[in-house]
There are 2 protein chains.
Amino acid sequence: MTARYVGIAAELREAIVRGEYAVGAQLPSEAELAARFAASRGTVRQAVAVLAAEGLVGSRQGARRIVLGRERSQSFAELNSFAQWARAMGHRVSGRVLEQRRRGADAAEAARLALQPGDPVLSVLRLRSLEGEPVLLERTVYAGWIAPAVERIDPGCESVTQALYDGVGLVIAYGEHLIDAVAAGAEDSRLLAVRRGSPLLRQRRVTTTHEGRPVELSDDRYRAGSVTFSIRNSVDANPLVRQVGDLRPAQ
Amino acid sequence: MTARYVGIAAELREAIVRGEYAVGAQLPSEAELAARFAASRGTVRQAVAVLAAEGLVGSRQGARRIVLGRERSQSFAELNSFAQWARAMGHRVSGRVLEQRRRGADAAEAARLALQPGDPVLSVLRLRSLEGEPVLLERTVYAGWIAPAVERIDPGCESVTQALYDGVGLVIAYGEHLIDAVAAGAEDSRLLAVRRGSPLLRQRRVTTTHEGRPVELSDDRYRAGSVTFSIRNSVDANPLVRQVGDLRPAQ
DNA sequence: GAGTGGTCTAGACCACCCT
DNA sequence: GGGTGGTCTAGACCACTCA
């Protein structure tokens, strides 16, 4: 059963997308919505909170909520999975494993994966394409405990996240992501078919299970112009944080 | 008066940062926290929701909440203001206006600023430095209605956002941001002291007032290695969205 | 001053996790 | 089956906006 507030949020979202409430226009008051949906005010507040989290509406005490945008934020959870994102957006995605080997974790990897240095990890190099064009080079390090399941995955598999879920029921629930720009190195330029030194958008991430257990560490590089990250923020509630870069030059 | 739940969230956050609840460990149950803080369960839930939004804790139905991380996400609202972010992080920030002129909006600008093509806008080129080193080149277009206030700002002013607030009480409440990587152009490379074609992290943004009225449009380019964007996400609740780039090559 | 969103309470039922 | 978080209700008071 879907929750009441989810349904109410969906109805309001559709009304916004339809243009029934124009960008900049006011939403009905909470009391009005509560009456219309025959729900309590609390439930209505939960519903509009969903829309606020999607960046569609904004609010301030004492004034009606207003519509900020119409594009629905495809509230998929998939910063973590390239394939799931791409398919949800209607893109044709493919990928292949170029290299895969077991080795021992170095100190930095061990720390981020909650392992000891030297503990076994699985290192994978994957090239992903959108509409047939290579756009993303993934260098992923999996914690040893999940390595067997990863090795069983078909090398041409579209979505590793999906395969891990289907195969061993693993849910990648949380992620931390660092986004910056780097110059393409020798391997990057060869595999992504760009000039050496040309700009790449880099996303480094650590993902964990529901229990907070680290699963993988990844350095993903997108060809410039192929993918853009988009964020809506408001004066209160801002999930994105800028950080000063490392002192050492981007490697 | 600060709200009750904000205080409870602060106490829990401190306990996490102190290490009282280790990463991966469980938080007390809602009932327990409600008793400890002599608050209702609803209020406690509001408090932990704050921590969840900061990416510090995760939750799933039926199981205790767990701690995901210890670094507090500096819950500043300032994706919008470079200076406010930098100062909050303890960096020395400066900036200067290199160019400033009024002109008419082109079609794209007009659409995003809710103006008519040809309506007056103020175009500003600003170079910002961190610890004395130039790291950010801002190309900003202000809507005509705010232009006079912008022109009154001291060209060496640290924070334009702050100046607009102090000067005319303008609050920049919402923003939409697109993040990608581009190659440094001729002007970029000269002003940021990098080689032509070298990678820059680009943040394009539109910001609006509380009422949803667009204030400015900006193309900000960070020298590679100087600044990183960081995001925590979870299976449900993901404010960040990937988009396929424009068809035309990054300009 | 009327209307609106922000906060808080107390209690209820359910779905899910764990043992 | 007991504990836990997720959902929902009904009512209350307050802070703020706006005319």
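These values consider heavy atoms only, across backbone and side chains, with no hydrogens, waters or symmetry-generated copies. A quick note: this is a predicted structure, and the numbers were derived from the prediction, not measured.
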Atom CZ of B/Arg65 and atom P of D/dG3 are separated, to the nearest Å, by 18 Å
Scan side-chain atoms only and decide if B/Glu216 and B/Thr207 contain a donor-acceptor pair under the 3.5 Å cut-off. yes
Output the distance between atom CZ (A/Arg126) and atom SG (A/Cys157), rounded to the nearest 0.5 Å. 8.0 Å
Rounded to the nearest angstrom, tell me the gap between atom CZ in B/Phe37 and atom P in C/dC8. 13 Å
Side-chain N,O (B/Arg64) to OP1/OP2 (C/dC16) below 4.0 Å: no
Tell me: NE2 of B/His210 to P of D/dC18, nearest whole Å? 11 Å
Does B/Arg41 make a side-chain donor-acceptor contact with the base of D/dG6, cut-off 3.5 Å? yes
Spacing of B/Arg45 atom CZ and B/Glu30 atom CD [to the nearest 0.5 Å]: 4.5 Å
Pick the closest DNA chain D nucleotide for A/Val6 and for A/Gly62 by heavy atoms, then say which residue is nearer the 5' end. A/Val6
Specify the separation, in whole Å, of atom CD of A/Gln61 and atom P of C/dG6. 7 Å
Answer with base, sugar-phosphate or nothing: what part of the nucleic acid does B/Arg45 contact at a heavy-atom distance below 4.0 Å? base
Side-chain N or O of A/Ser40 less than 4.0 angstrom from OP1 or OP2 on D/dG11? no
Check whether any side-chain N or O of B/Ser59 sits under 4.0 Å from OP1 or OP2 of D/dG6, and answer yes or no. yes
Of A/Glu211 and B/Val44, the one whose closest DNA chain C nucleotide lies more 5': B/Val44
Spacing of CG belonging to A/Asp106 relative to CZ belonging to A/Arg112, to within rounding of 0.5 Å: 11.5 Å
If you assign each of A/Thr2 and A/Arg60 to its closest nucleotide in DNA chain D, which residue comes earlier from the 5' end? A/Thr2
Taking only side-chain nitrogens and oxygens of B/Arg4, does any of them come within less than 4.0 Å of OP1 or OP2 of C/dC8? no
Rounded to the Å, how far apart are B/Glu30 CD and D/dG6 P? 6 Å
Tell me, yes or no, whether the heavy-atom count around B/Gln116 atom CD, taken from other residues, nucleotides or ligands under 6.0 Å, exceeds 12. no
Rounded to the Å, how far apart are B/Ile66 CD1 and D/dT4 P? 16 Å
In whole angstrom, what separates A/Gln46's CD from D/dG6's P? 10 Å
